Amino acid sequence: MTMRLFLEGVKSKVREISADLGYPAVSFEVTETSKQDFGDASCNIGFLLSKHLKKRPSDIAQSIAERYKDDMGMMVSEVNVHPSGYLNFVANYSNLLKSIMTSSQDPNYGSFDLGKNSPTVLEHTSVNPNKALHIGHVRNIIIGDTIGRILRKANYDVRVLNYVDDSGLQVADIIVGLLYGGFAKEPPKGQKFDHYCGDMVYVSITARYEQEPQLAEKRSIVLKELEEGKSETAKFGDEITRRVLEEQLKTCWRLGATYDCLNFESQIVRSGLWKLVFERMKSMGIAYLEKEGKNAGCWVVKSDSEDEEDKILVRSNGIATYIAKDIPYACWKLGMLDDPFQYRQYYVQRDKRVLWETTLEKTGTKLDFTGDRVITVIDSRQARLQKIITKIISGFQSPGKSYVHLGYESVTLSPGTAKTLNLDTGGKSAQMSGRKGIYVNADYVLDILGVRTYEEAKKRNPELDEPALVKIAEQVAVGALRYAMIKQDLDKIIMFDMSESLSLEGDTGPYIQYAYARAVRILEKAGVMPDCDHGFEMLSTPYEKNLAKAIGKFDMQVEDSAKNLSPKIIARYCYELSVSFNSFYEHVKVLGAESEALVTARLCLVRSFRETLGKALFLLGIDAPERM
RNA sequence: GGGCCUGUAGCUCAGCAUGGAUAGAGUGCUGGACUUCUAAUCCAGUGGUCAAGGGAUCGAAGCCCUUCGGGCCCGCCA
């Protein structure tokens, strides 16, 4: 009987009593109380029935309460009617606590079978391989990685893809820079290759096009060569993008993200999938050859409203637009096409998951990375395009398939942080731009944070050796960044401020990690762990009850966040758990408790907390440090 | 012009899907708690016309409509 069972138990009993009393069936709720004073569960049935019965909500609640009191069952110790009309319940703590403590010892605690193991594709990261990841990309990676972890916990069979756009204009730019722009092919000593390509080559070459038309000419030539894929230039491009990708992935792994497969755009292009899909679109009447007007000679997808433009698929010169690359890829992800790829092992990641890459050569392994539901994490500036793709896909009418664009608002730079890039924004925040060099690199943020967390860790743990301190510093730095990127809603802009992000107090990742470390230390000092099967009725302070109830809510939070694809729910849950624990820690002695039995009961509570918070933090991809 | 998102405490945000009790956190500011299981902590105080107006409802921060402010998107670029 975790909180879910408690609330559901109360609900079914109220439903039964209501029916017994001859009341009409209404879809009432039993939820947690909004305030401690009201007890542990609230029911709104009085409000809903008052219309039908023409009685006051509190009178109706009273009638149900009286019946409920005849048989409170295992879960409830008190039923109260609030003058406002709510029906409130106080839990039978000795039973509730026992059940929470018992279930929280299950290694799979918190899992909830929402997905029935259904194959689900999740694509995120997908950064052009011509630059280092900046703080805006980090939001995408963290949202995607966290959603993946949550969906797995909710029993979806998740396949995580990272789409590598290795044949586009942005890649052409750095190739032009390296081949014709006078840039060395190796970075200065000590600089990562992705940083070199992005910070030095990309930014300056794009600034030079206007002054140097001969470079701009080279760009179109290089782009064409990349797409055709046979020339020396294409071979060089492949080398360069793979080197950049490798460096980008190091940053992703540093952040704790992992993937199942790398999908190379160049291969999608060369696989011939587009031709297949295009023919299908023609025969289904989705693609339409425009005869007149400004789009004459183009294949278009007609819009259904006059306010919206038709979308061009194939230009009048016969060359497909980028959307023509996205449509077959979307179809491929949904498993609507014969898979032209084989798969090659790219790397074994730190969580032991194998990362595969697509190959058109017949030397790989046949695998399945498709799903019935495809979730693509892309920022909401691309909402319109994603909507078009969704519409086209739904035109194929494949039952049971769904294509979801998970959008999120962008990360902007605070006026202060913009100023450090020599950008005066007049007090407004600044949109980041890779091309203009307006961004803050992810590695840089982690490094600066790492210095800060290292100092703190050393101050608090002078006896720890260097490797231990470095490890803690990195865990806390990543925790701070991941939490900051996930704690608010997807549709809120994050204004990134470097100095603010160095604050490690309050509603932050380190706060939560600290609570974990505190729990670990209590358990460490206690030595042997006692059996946890009785004596929980001794946990009688509000601090203990609150903590236990928070622990008991884990699976409800997993369900909620998985259903709504809302990672922040787990972030908020971790914070709530930690607040309950820290308050408990300050007010209740564990090792110095009055009796041996009470020490035992509290140790069990602390252990349940540690286990549950550890699992919840894992969903956020945040390491739980033993000390900090 | 059209579309999407957003507006809640000085600042950053929960709560809105599924209406219900005195609207909550963090941060800031003021004060208090370390010879104690780690003070990256805790406790107290401070701080609100839930953008504005209207509507439906017994009841609205939440639902509907209108207006205003802010952001983003609308290429034979990707």
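Predicted model, so just to flag it, every value in this text is computed and none were measured.
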From [atom1] of [X] over to [atom2] of [N], roughly how many Å is that when rounded to an integer?
X: Leu48(A); N: U18(B); atom1: CG; atom2: C1'; value: 11 Å
X: Gln557(A); N: A14(B); atom1: CD; atom2: C1'; value: 13 Å
X: Glu586(A); N: A44(B); atom1: CD; atom2: C1'; value: 14 Å
X: Phe496(A); N: G71(B); atom1: CZ; atom2: C1'; value: 20 Å
X: Lys387(A); N: C73(B); atom1: NZ; atom2: C1'; value: 12 Å
X: His587(A); N: U41(B); atom1: NE2; atom2: P; value: 15 Å
X: Lys563(A); N: A17(B); atom1: NZ; atom2: P; value: 16 Å

Does [X] reach a base, just sugar-phosphate, or nothing at all? Heavy atoms under 4.0 Å.
X: Met628(A); answer: base
X: Ile493(A); answer: sugar-phosphate
X: Lys55(A); answer: nothing
X: Arg521(A); answer: base
X: Asp165(A); answer: sugar-phosphate
X: Lys568(A); answer: sugar-phosphate
X: Arg627(A); answer: base
X: Val588(A); answer: base
X: Lys589(A); answer: base
X: Glu456(A); answer: base
X: Asp491(A); answer: sugar-phosphate
X: Ala457(A); answer: base
X: Asn128(A); answer: nothing
X: Val476(A); answer: base

Discussion item. Tell me if the aromatic rings of Tyr575(A) and Tyr511(A) count as close, with their centers under 6.0 Å from one another.
Written reply: yes
Worksheet item: Does Phe264(A) have its ring centroid less than 6.0 Å away from the ring centroid of Tyr163(A)?
Response: no
Discussion item. Side chains of Lys131(A) and Gln170(A): any donor to acceptor distance under 3.5 Å?
Written reply: yes
Item to complete: Using distance alone, with no hydrogens and no angle criterion, decide if Ser42(A) and Asn88(A) have a side-chain donor and acceptor under 3.5 Å apart.
Response: yes
On the side chain of [X], is there an atom forming a donor-acceptor pair with the base of [N] - under 3.5 Å, no angle test?
X: Asp326(A); N: A78(B); value: no
X: Ser42(A); N: A21(B); value: yes
X: Ser316(A); N: C76(B); value: yes

Residue-phosphate contact under 4.0 Å: [X] side-chain N/O, [N] OP1/OP2:
X: Tyr483(A); N: C13(B); result: no
X: Arg384(A); N: G2(B); result: no
X: Thr321(A); N: A78(B); result: no
X: Arg315(A); N: A78(B); result: yes
X: Gln170(A); N: A78(B); result: no
X: Lys428(A); N: G71(B); result: yes
X: Arg602(A); N: C37(B); result: no

Quote, to the nearest angstrom, the [atom1] distance that separates [N] from [M].
N: A25(B); M: U46(B); atom1: P; answer: 13 Å
N: U6(B); M: C63(B); atom1: P; answer: 11 Å
N: G32(B); M: A39(B); atom1: C1'; answer: 13 Å
N: U57(B); M: C65(B); atom1: C1'; answer: 16 Å
N: A9(B); M: A61(B); atom1: C1'; answer: 14 Å

Do the rings of [X] and [Y] sit parallel, tilted or perpendicular, given the 30° and 60° boundaries?
X: Trp274(A); Y: Phe278(A); answer: parallel
X: His82(A); Y: Phe38(A); answer: perpendicular
X: His134(A); Y: His137(A); answer: parallel

Practice prompt. Any chance you could lay out the side-chain contact (heavy atoms from CB on, under 4.5 Å) test for Val451(A) and Tyr454(A), step after step, and finish with the verdict?
Written response: CA-CA 5 Å; Val451(A) 170; Tyr454(A) 177 88; 5.7 Å; no
Considering only side-chain heavy atoms of [X], which listed nucleotide, [options], is closest?
X: Tyr322(A); options: C43(B), A17(B), A78(B); value: A78(B)
X: Gln431(A); options: A21(B), C13(B), C72(B); value: C72(B)
X: Lys325(A); options: A14(B), U27(B), A78(B); value: A78(B)
X: Cys298(A); options: C42(B), C77(B), C76(B); value: C76(B)
X: Lys492(A); options: C74(B), C13(B), U41(B); value: C13(B)

Worksheet entry | First of Leu591(A) and Glu409(A) reached from the 5' end of RNA chain B, by closest nucleotide | Glu409(A)
Worksheet entry | Position toward the 5' end of RNA chain B (nearest nucleotide), Leu385(A) or Phe47(A) | Phe47(A)
Discussion item. With side-chain contact (heavy atoms from CB on, under 4.5 Å) as the criterion, how do Glu228(A) and Arg270(A) come out once you've worked through the C-alpha distance, each side chain's angles and the decisive distance to 0.1 Å?
Written reply: CA-CA 8 Å; Glu228(A) 286 167 359; Arg270(A) 291 168 211 160; over 6 Å; no
Fill in: Ring-face cation of Arg518(A) near Phe581(A) (centre distance under 6.0 Å, axis angle within 45°)
no
Worksheet item: Does a sphere of radius 6.0 Å around NZ in Lys387(A) hold more than 12 heavy atoms from other residues, nucleotides or ligands, not counting ones at 6.0 Å or beyond?
Response: no
Worksheet item: Any stacking of Phe38(A) on A21(B), going by centres under 5.5 angstrom and planes within less than 30 degrees?
Response: yes
Please list, one pair per line, the donor and acceptor atoms closer than 3.5 Å that link side chains of residues 489-503 of chain A to other protein atoms, with sequence neighbours excluded.
from      : atom 1 : to        : atom 2 : distance (Å)
Asp489(A) : OD1    : Lys568(A) : NZ     : 2.2
Asp497(A) : OD1    : Ser414(A) : OG     : 2.5
Asp497(A) : OD2    : Ser499(A) : N      : 3.2
Asp497(A) : OD2    : Ser499(A) : OG     : 2.8
Asp497(A) : OD2    : Glu500(A) : N      : 2.9
Ser501(A) : OG     : Met498(A) : O      : 2.8

Response to the item:
Dot-bracket for RNA chain B, 5' to 3', Watson-Crick and G-U pairs with both distances under 3.5 Å, [ ] for crossing pairs, | for partner on another strand, reads (((((((..((((......[...))))((((((.......))))))....(((((..]....))))))))))))....
